[in-house]
Amino acid sequence: MNINPEILKIKKTIIQTRRDFHKHPELSFQEKRTSKIVAEKLIHYGLKVSKNIGKTGVVGILKGN
């Protein structure tokens with residue numbers, strides 16, 4: 001499988017974030033901590049973010065050229 005080199009640059013961060021989520025589980029529709037972290041990371045990577053979708057959902061918009 002060919003993984004984009006830009007993704008490989010943040011591989012460690014992705015793994016750490018996944019492990020953090022597993023250490024701090026939240027009930028369905030109560031994922032306030034998780035959705036906050038996801039939104040912050042998406043914003044950090046330059047995506048436009050919509051929050052509170054279906055209560056705690058997060059949507060990141062990535063526009064192409």
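Atoms considered below: every heavy atom in the structure, side chains included; atoms not considered: hydrogens, waters and symmetry mates.
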Connected-component partners of F21 among ILVMFWY, side-chain separation under 4.5 Å: M1, I3, I7, L8, I10, I14, I37, V38, L42, I43, Y45, L47, V49, V58, L62
So, for K41 and T17, which heavy atoms are closest and what is the spacing to 0.1 Å? CE-OG1, 3.1 Å
In Å, rounded to the nearest 0.5 Å, how long is the span from NZ of K55 to CD of E31? 9.0 Å
Nearest heavy-atom contact between R33 and E26 is N-OE2, 3.0 Å
Can you name the residues that form a salt bridge (Lys or Arg N to Asp or Glu O under 4.0 Å) with E40, not counting sequence neighbours? K36
Atom CZ in R18, atom CD in Q16: separation rounded to 0.5 Å? 11.0 Å
Run the salt bridge (Lys or Arg N to Asp or Glu O under 4.0 Å) test against K9 and tell me which residues pass, sequence neighbours left out. E6
Quick one: pull up OG1 in T34 and NE2 in H24 and give me the separation to the nearest 0.5 Å. 9.5 Å
